[in-house]
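Shown next, in structure tokens, is the structure this report addresses.
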Amino acid sequence: MDLDAFTAALPKVELHLHLEGTLEPELKLELARRNGVDIGQSTVEEVRATYVFDSLASFLAVYYPAMDVLVTRADFRDLAMAYFRKAAAQNVRHAEVFFDPQVHVARGVAFEDVVLGYHDAVEEAQRELGLSAGLILCIVRDLPVESAEDVVERMLEFREQVVGIGLDSDERGNPPAKFAHLFARAREAGFKVTVHCDIDQEDTVEHLRQALEDIAVDRIDHGTNVVEDPRLLALLQERGTGLTCCPVSNSFVTDDSKAPVIADLLRRGVKVTVNSDDPAYFGGYVTENLVALTRAASLGPDELIQLQRNAIDISWASDDVKEGFLAELDAYEALVAPPL
Ligand code: HPA
Ligand code: ZN
């Protein structure tokens with residue numbers, strides 16, 4: 001079996017995926033028509049022609065306006081279901097997925113339509129695809145703190161539907177510490193905590209320090225700049241804090257995929273995982289991200305398996321889901337690489 005086929009058939013876990021970043025041009029156009037929203041483009045080619053970005057800020061400038069097409073509870077369900085179908089087709093068995101409610105609420109969409117629409121899809125994915133999923137509410141860090149406070153307060157009513165809280169968007173001037181009170185509140189109410197520390201951003205090491213020391217996050221999204229500070233790297237290793245890396249996305253937001261550093265951290269025992277971030281915009285779902293990393297850093301099958309072990313380990317899945325996944329992974333490993 002060649003390595004690409006091995007990667008395609010590998011049972012997988014996805015931990016860094018923005019649902020709004022899965023909005024493919026075809027669905028964007030369909031939702032625009034359904035809701036009578038003028039997005040300024042009417043063909044897939046025209047939509048794709050707007051996908052010009054070479055930094056986090058230029059990506060976000062395309063990503064946020066597109067969300068205008070999402071209006072009803074059914075729209076959110078349809079978006080998430082389209083993603084879950086793709087993920088299941090790539091053998092993803094468990095996915096923890098971000099959503100950005102502040103942006104929708106600011107447009108007049110009801111908070112519960114967002115959460116319940118996405119949750120409808122979570123239930124459908126379990127029922128129809130055997131895929132387990134959890135929703136992570138992401139604070140959009142460059143919107144006013146008060147808007148984050150509003151959605152976190154609302155989130156507390158949806159403990160059954162939301163598993164954790166995250167922090168995304170433009171990092172400049174928006175350190176994790178700005179939202180420390182909200183992470184504390186969410187944790188107290190039983191939610192898990194993760195924070196984006198994007199690649200090569202301004203003050204990235206200080207943001208990592210705050211995430212690890214001041215907030216004591218459960219995991220970090222991206223975060224590979226941790227190699228620049230041996231003390232923080234040691235802390236990360238000591239705690240077993242995982243990193244959700246996204247090699248294809250990295251090559252859009254910075255000038256390379258950071259494959260060598262991701263592979264180096266993996267080989268040093270850091271709980272590194274590989275994920276897709278915003279696949280509709282960056283052109284790669286989880287399999288393509290694994291293939292890109294495998295090629296760039298010469299990973300072997302044992303390392304691809306280890307990435308999945310790391311992912312289920314740092315996931316917030318139930319014990320049942322974790323055990324079931326590990327059993328499937330062991331069986332896959334034994335089938336394709338029988339022990340000598
Ligand atoms: N980085 C930060 N914020 C985001 C991203 C990302 O890649 N995608 C969606 N929001
Ligand atoms: Zn992200």
Side-chain angles (χ1 to χ4, degrees), residues 13-24 28 51-68 70 76 79-80 83 87 95-104 106 114 118 134-143 147-148 151 164-176 178-179 193-204 207-208 211 217-225 242-258 262 272-286 288-289 292 311 314:
V13 172
E14 166 81 78
L15 300 177
H16 185 156
L17 182 284
H18 299 264
L19 282 173
E20 291 88 352
T22 70
L23 181 55
E24 292 285 353
K28 193 184 282 185
Y51 291 4
V52 182
F53 20 74
D54 59 2
S55 66
L56 182 54
S58 57
F59 160 66
L60 294 171
V62 177
Y63 170 77
Y64 287 121
M67 294 184 197
D68 285 355
L70 294 159
F76 292 96
L79 173 62
Y83 164 68
E96 292 170 11
V97 296
F98 296 118
F99 66 108
D100 289 336
Q102 282 157 276
V103 183
H104 308 306
V114 181
Y118 283 147
L135 297 174
I136 306 173
L137 179 147
C138 240
I139 293 175
V140 176
R141 67 207 297 165
D142 49 346
L143 289 178
S147 109
V151 291
I165 182 169
L167 181 68
D168 69 2
S169 206
D170 197 336
E171 290 195 27
R172 288 171 300 181
N174 301 302
K178 192 168 161 184
F179 306 93
V193 177
T194 185
V195 158
H196 274 59
C197 291
D198 254 284
I199 309 293
D200 297 346
Q201 301 297 298
E202 229 172 80
D203 299 325
T204 193
H207 289 188
L208 281 158
V217 290
D218 296 294
R219 62 186 189 227
I220 295 177
D221 301 304
H222 302 295
T224 49
N225 289 89
L243 300 181
T244 66
C245 302
C246 310
V248 173
S249 153
N250 292 350
S251 36
F252 283 91
V253 168
T254 69
D255 56 1
D256 80 287
S257 71
K258 305 290 176 191
I262 296 171
V272 167
T273 65
V274 169
N275 310 274
S276 49
D277 214 0
D278 300 285
Y281 292 93
F282 301 140
Y285 285 78
V286 69
E288 290 78 22
N289 273 273
I314 69 164

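Indexing begins at 1, ligand by ligand and atom by atom, following the structure's order.
The main-chain N or O of Leu143 is never found under 3.5 Å from a side-chain atom of Gln102 such that the two would form a donor-acceptor pair. Without hydrogens or angle criteria, His196 side chain to Leu167 main chain gives a donor-acceptor distance under 3.5 Å. With Asp278 contributing its side chain and Ser249 its backbone, the two residues share no donor-acceptor pair below 3.5 Å. One N or O on the side chain of His16 and one on the backbone of Thr244 form a donor-acceptor pair closer than 3.5 Å. Between the side chain of Glu14 and the main chain of Ser276, a donor-acceptor pair closer than 3.5 Å is present. Between the Thr254 side chain and the Asn250 main chain, a donor and an acceptor come within less than 3.5 Å of each other. Without hydrogens or angle criteria, Asn275 side chain to Leu15 main chain gives a donor-acceptor distance under 3.5 Å.
Taking the six-membered ring for Trp, Phe99 and His104 have ring centres at least 6.0 Å apart.
Vertex the Zn ion (ligand 2), arms ending at OD1 of Asp277 and NE2 of His16: the angle is 80° after rounding to 10 degrees.
Among all non-hydrogen protein atoms, the one lying nearest atom 7 (O) of ligand 1 is Asp277 OD2, 2.9 Å. Among protein heavy atoms, atom 8 (N) of ligand 1 sits closest to Asp278 OD2, 2.8 Å. Counting protein heavy atoms only, atom 3 (N) of ligand 1 is closest to Ser169 N, 2.7 Å.
Contacts between Phe98 and ligand 1, counted as non-hydrogen atom pairs separated by less than 4.0 Å, are absent for every part of the residue.
The heavy atom nearest to atom 6 (C) of ligand 1, considering only Asp168, Leu19, Leu56, is found in Leu56.
Within the structure, the closest approach of Gly21 to ligand 1 does not fall below 4.0 Å when heavy atoms are considered. Within the structure, the closest approach of Phe59 to ligand 1 falls below 4.0 Å when heavy atoms are considered.
For His18, the nearest N, O or S atom to the Zn ion (ligand 2) falls under 2.8 Å.
Numbered from 1 in the order shown, with element, the atoms of ligand 1 that lie under 4.0 Å from a heavy atom of Asp198 read 1 (N), 2 (C). Residue-ligand proximity, His196 to ligand 1, at heavy-atom distances under 4.0 Å covers atoms 1 (N), 2 (C).
Looking at Ser249 next to ligand 1, no N or O pair under 3.5 Å apart turns up.
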